[in-house]
Amino acid sequence: MIKKFPAVLAGLVSVAIIGSAIAHESENPAVKARTSIMQLYAFNLGTLGGMAKGEIEYDSEAATRAANNLVVLTQIDQSAMWPPGSDNASDPSTRALPAIWENFPDVSAKGQAMAEAAVAMQAAAGQDVDALKAAMGDLGGSCSACHKAYRAPKD
């Protein structure tokens, strides 16, 4: 019995961790979908931002691929992913503020600005690291403009 205790304890800890992760995941398919889109944005922005900061060695092919991915992501019709009532007041798994639905034209304009910044990054990313850095400001700014206005801070 004593020999099995570490294995049992490890199993219980794993179940607790997985259970905690599941408990924080939304049951709403729209929230799950938009969270997935945001994760893909973050993944590709991480590549570009890492190169811009010098944390990742500049690679024109990888930069172009990440920028191309961002352009495609901004072209996805996300309207079904943002139904009224899928905010943090209704679903604690999301950080989307109710203000999104109070001013959806502004949210749409910010989304359009991100799409335009992604296209500019697409043109710059494969040139060289200086062009990538120059395009990064508008791209990052477009993300933070929406997040500052319409996303709750992390707890």
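The two residues A80 and A30 make their nearest non-hydrogen contact at O-CB, 3.6 Å. Nearest approach of S90 to G85, heavy atoms of both residues: CB-O, 3.1 Å. Between A66 and L48 the shortest heavy-atom distance is CB-CG, 3.9 Å.
Residues Q122 and L70 have side chains not in contact (no heavy-atom distance under 4.5 Å, counting atoms from C-beta outward). Taking the side chain as every heavy atom from C-beta outward, W82 and V107 never approach each other to under 4.5 Å. Residues M121 and L132 have side chains in contact (heavy-atom distance under 4.5 Å, counting atoms from C-beta outward). In this structure, the side chains of T74 and M114 come closer than 4.5 Å at one or more pairs of heavy atoms. Using a 4.5 Å cut-off on side-chain heavy atoms (C-beta onward), I37 and I76 make contact.
The number of heavy-atom neighbours closer than 6.0 Å to CZ of F104, taken from other residues, nucleotides and ligands shown, is above 12.
Between atom NZ of residue K32 and atom CE of residue M81 there is a gap of 14.0 Å, rounded to the nearest 0.5 Å.
Every residue two or more places apart in sequence or in another chain that forms a side-chain hydrogen bond (donor to acceptor under 3.5 Å, both in side chains) with D91 is listed here: S26, S93. Partners of L40 by side-chain contact (heavy atoms from CB on, under 4.5 Å), not counting sequence neighbours, listed by chain and number: L73. For A123, there are no side-chain contact (heavy atoms from CB on, under 4.5 Å) partners at least two apart in sequence or on another chain. Partners of D77 under the side-chain hydrogen bond (donor to acceptor under 3.5 Å, both in side chains) rule, at least two apart in sequence or in another chain, are S79. Considering only residues two or more places apart in sequence or on other chains, Q112 meets the side-chain hydrogen bond (donor to acceptor under 3.5 Å, both in side chains) condition with E116. With sequence neighbours left out, the side-chain contact (heavy atoms from CB on, under 4.5 Å) criterion links Q127 to A131. Under the rule for a side-chain hydrogen bond (donor to acceptor under 3.5 Å, both in side chains), the partners of S86 that lie at least two apart in sequence or sit in another chain are R34. Not a single side-chain contact (heavy atoms from CB on, under 4.5 Å) links A134 to another residue, sequence neighbours left out. For the salt bridge (charged side-chain N to carboxylate O under 4.0 Å, His left out) test, residues two or more places apart in sequence or in another chain that qualify with D106 are K110.
Applying the salt bridge (charged side-chain N to carboxylate O under 4.0 Å, His left out) test to residues at least two apart or on different chains, none of the pairs has a partner in residues 61-74. Residue pairs meeting the side chain to side chain donor-acceptor pair (under 3.5 Å) criterion with at least one member in residues 43-58, sequence neighbours excluded: N44-N69.
Taking hydrophobic clusters as Ile, Leu, Val, Met, Phe, Trp and Tyr residues chained together by side-chain heavy-atom distances below 4.5 Å, W101 does not share a cluster with V31. V71 and M38 are not part of a single hydrophobic cluster, where members link through side-chain heavy atoms under 4.5 Å apart.
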Which atom pairs, one a donor and one an acceptor, fall under 3.5 Å between side chains of residues 138-145 and the rest of the protein, sequence neighbours left out?
unit_1: S142; atom_1: OG; unit_2: L139; atom_2: O; d: 2.7
unit_1: S144; atom_1: OG; unit_2: G140; atom_2: O; d: 3.3
unit_1: S144; atom_1: OG; unit_2: G141; atom_2: O; d: 3.3

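Looking at R95, its side chain does come within 3.5 Å of a backbone N or O of A152 through a donor-acceptor pair.
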